[in-house]
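All of these numbers come straight from a predicted model, not from anything done at the bench. Residue numbers run from 1 in the order of the sequence given.
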Amino acid sequence: MTPRATAGIFGIILGLILIFVLPTWLIWVGIALIVAAAAIPVAGYMALDKSQRRRLRAIRARQRGN
């Protein structure tokens, strides 16, 4: 797993822990962390040009052996 994927998963897990640990009025901190951990990679992918996305999909397909 790449370090970026590991950081994203860690962010989501940390957000879930915060939701259960923090008082009720601070739950938004955990939710914000989960949203940020999920949105940052999506925003990075969407920022790529159409040809860059196509190239990235081709690289991933080669890594899987397709």
Show the atom names and distances, to 0.1 Å, of all donor-acceptor pairs under 3.5 Å that link a side chain in residues 37-44 to residues at least two apart or in another chain.
none

Side chain to side chain contact (heavy atoms under 4.5 Å, CB included) partners of [X], counting only residues at least two apart:
| X | value |
| --- | --- |
| I13 | I9, I17 |
| V29 | L18, L22, L26 |
| L48 | Y45, Q52, R53, L56 |
| R54 | K50, S51, R57 |

| So which pairs with a foot in residues 12-39 pass side chain to side chain donor-acceptor pair (under 3.5 Å), sequence neighbours left out? |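 Those involving residues 12-39 do not exist here.
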| request: Check the hydrophobic clustering (I, L, V, M, F, W, Y; side-chain heavy atoms under 4.5 Å; chains of links allowed) and say if F10 and V35 are grouped together. | output: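 In one cluster: no.
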